[in-house]
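Written out below as structure tokens is the structure these notes cover.
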Amino acid sequence: MDKLSLDDPLFATYAIAATLMILKGVSMSWLTIFRMMKENGGFRSPEDVKPTRFNPNSSPDQIKPKDRVERIRRIQANDLESLPYFLVAGLLFVVTGPPLLLAQLLLYGYVATRLLHFVAYLTAQTHDTRAMLWTPGSLILIFITARTLVYAIV
Amino acid sequence: MDKLSLDDPLFATYAIAATLMILKGVSMSWLTIFRMMKENGGFRSPEDVKPTRFNPNSSPDQIKPKDRVERIRRIQANDLESLPYFLVAGLLFVVTGPPLLLAQLLLYGYVATRLLHFVAYLTAQTHDTRAMLWTPGSLILIFITARTLVYAIV
Amino acid sequence: MDKLSLDDPLFATYAIAATLMILKGVSMSWLTIFRMMKENGGFRSPEDVKPTRFNPNSSPDQIKPKDRVERIRRIQANDLESLPYFLVAGLLFVVTGPPLLLAQLLLYGYVATRLLHFVAYLTAQTHDTRAMLWTPGSLILIFITARTLVYAIV
């Protein structure tokens, strides 16, 4: 059977979870851009404070960190520490043929907790809240990866 | 049909785009190394300023940031915010069977704009130029991802 | 033949190498957490120094960098510059049907040198030692990627 067909509900589950997470991840770049435009700063490269068509009234201060921009960069870094691993772990997980309900629970569960974690981080909730929303996603990632490893070895 | 065969022009298109991007991404590590050697600094860890066979005349200044090294690190960070997502999004895109010409345009288009973006960043072009070369790649990534999501849901 | 079956020794080799590397990568997040708890600091977000149930005696100093935490962050950054590329490059490599022994040597070789590199980085060995352990993994990654590219083009 073709494991990489959207007709296969297991692969479709993975494809939905993976594409949602990629769209989420890519959005952080755009959110950084929007906040840099609104704050008129938070840039990173020396050449970014040169006057240009889109930045006619440039100033050396534009390269200083801005809180609202740095927050998105931290969220993006947090994504990069987890999403690329999830994208591959999820694919390996579904090709080993787990029960569909289990796959849906774990993959959509990961997506849901990551989105809630994003909201908590964006709105600067306490570290405790953020940790509580980060942990299930990480445990799901570890579980689906370890399960594939066990199946591959045995 | 075997979707993961290089005899399939769709998969071959993806494989070429993906491997070019991986080679590009990995090159940034080597470029960082070459620039650290040439600048004799820009290191990051406290232990990197200990005298060793390859660094006999070490100095505490070697751990200070060097502009030419930091530029490559920023380029590498920019890669990491996009390439891992592209690598998975591209695979999912081709297994959903898009028209070959569309796949070639989008995947090679992403590669081309990323390489141009790299040249613009390396040579410190203005933010406007860099943004103009970054945007098409990001839009391609969003498009191929969203298309897979729609196909998986419908 | 189903290339994504654990009955295929090539795919099983990849699955073992990939899952080991994902587990290694994810562990860095947990190691960061453990060290932040032990050092009672090294946090990153302004809201992390608010008093909470898990951090009742909070202090503004908790947001300052801590050496033992920053070391793990550097190791994690090093992982992120290589592992996501390896995870995709390895998959493309095995679906192009290399000899099993070659695949085992290269993929397990990558895993072994990354784990040794981790030990060297964690214990603050000299830059020379770290470089010696980093280089083979990067060369393996370049080789398996370039090989797929050549096969895809020819």
Side-chain angles (χ1 to χ4, degrees), chain A residues 1-5 8 10-11 25 67-68 70-71 73-75 77-97 120-132 134-135 137-154, chain C residues 2-30 32-33 36-37 43-56 58 62-63 72-73 75-77 79-91 95 111:
Chain A
M1 197 194 69
D2 185 357
K3 281 175 180 167
L4 300 183
S5 162
D8 179 339
L10 265 178
F11 183 70
D67 279 354
R68 280 173 50 83
E70 292 308 306
R71 178 169 298 281
R73 296 204 209 271
R74 285 197 302 275
I75 294 176
N78 192 288
D79 278 351
L80 297 177
E81 289 159 18
S82 180
L83 298 194
Y85 297 136
F86 171 76
L87 294 173
V88 175
L91 179 62
L92 294 179
F93 175 61
V94 296
V95 300
T96 58
Y121 214 153
L122 191 72
T123 57
Q125 301 302 310
T126 63
H127 192 278
D128 289 16
T129 305
R130 224 168 67 224
M132 204 183 61
W134 178 85
T135 304
S138 188
L139 293 179
I140 287 172
L141 176 50
I142 291 170
F143 176 79
I144 63 176
T145 308
R147 185 184 181 276
T148 304
L149 177 59
V150 169
Y151 275 54
I153 288 175
V154 177
Chain C
D2 184 357
K3 281 175 180 167
L4 299 182
S5 162
L6 290 173
D7 295 333
D8 179 340
L10 265 178
F11 183 69
T13 300
Y14 166 71
I16 291 169
T19 52
L20 285 174
M21 288 289 86
I22 294 171
L23 291 173
K24 195 276 169 191
V26 176
S27 306
M28 294 307 99
S29 299
W30 288 93
T32 304
I33 294 169
M36 287 194 299
M37 286 170 69
F43 303 157
R44 278 197 162 165
S45 294
E47 63 267 28
D48 296 352
V49 297
K50 283 186 193 165
T52 63
R53 178 191 291 259
F54 290 115
N55 188 18
S58 66
Q62 288 182 312
I63 212 174
I72 307 300
R73 294 204 210 270
I75 294 176
Q76 186 169 36
D79 278 351
L80 297 177
E81 289 159 18
S82 180
L83 299 194
Y85 297 137
F86 171 76
L87 293 173
V88 175
L91 179 62
V95 299
V111 172

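Protein chains get the first letters and strands the later ones, always in sequence-line order, with residue 1 at the start of each.
Most heavy-atom pairs under 4.5 Å with chain A, from the set C/T19, C/L83, C/D7, C/V26: that is C/T19. The greatest number of non-hydrogen atom pairs below 4.5 Å with chain A, out of C/A77, C/P84, C/S29, is found for C/S29.
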Q: For side-chain contact (heavy atoms from CB on, under 4.5 Å), just list the numbers for A/R130 and C/D48, CA-CA rounded to whole Å, side-chain angles, deciding distance to a tenth of an Å, and then say yes or no.
A: CA-CA 10 Å; A/R130 224 168 67 224; C/D48 296 352; 2.9 Å; yes

Q.
Run C/D2 and A/K3 through side-chain contact (heavy atoms from CB on, under 4.5 Å) and show every step you take.
A. CA-CA 8 Å; C/D2 184 357; A/K3 281 175 180 167; 3.0 Å; yes

Q: Begin with the C-alpha distance, continue with both residues' side-chain angles, and end with the deciding distance and a verdict on side-chain contact (heavy atoms from CB on, under 4.5 Å) for C/I22 and A/V88.
A: CA-CA 9 Å; C/I22 294 171; A/V88 175; 4.1 Å; yes

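The CH2 atom of C/W30 lies 4.5 Å from the OG1 atom of A/T135; values are rounded to the nearest 0.5 Å. Note: A/E81 CD to C/D79 CG = 10.5 Å, rounded to the nearest 0.5 Å. Rounded to the nearest 0.5 angstrom, C/L20 CG and A/T148 OG1 are separated by 11.5 Å. Considering CG of C/L80 and OH of A/Y85, their distance stands at 4.5 Å, rounded to 0.5 Å.
A salt bridge does not link C/R44 with A/E70: every distance from a Lys NZ or Arg NE/NH1/NH2 to an Asp or Glu carboxylate oxygen is 4.0 Å or more.
Nearest heavy atom pair, residue A/A124 against residue C/E47, reads CA-OE2, 3.6 Å.
In this structure, the portion of A/L91 lying under 4.5 Å from any heavy atom of chain C is its side chain and not its backbone. At a 4.5 Å heavy-atom cutoff, the contact between A/L92 and chain C is made by side-chain atoms alone. Heavy-atom distances place both the backbone and the side chain of A/Y121 under 4.5 Å from chain C. With a 4.5 Å cut-off on non-hydrogen atoms, A/I142 touches chain C through its backbone and its side chain both.
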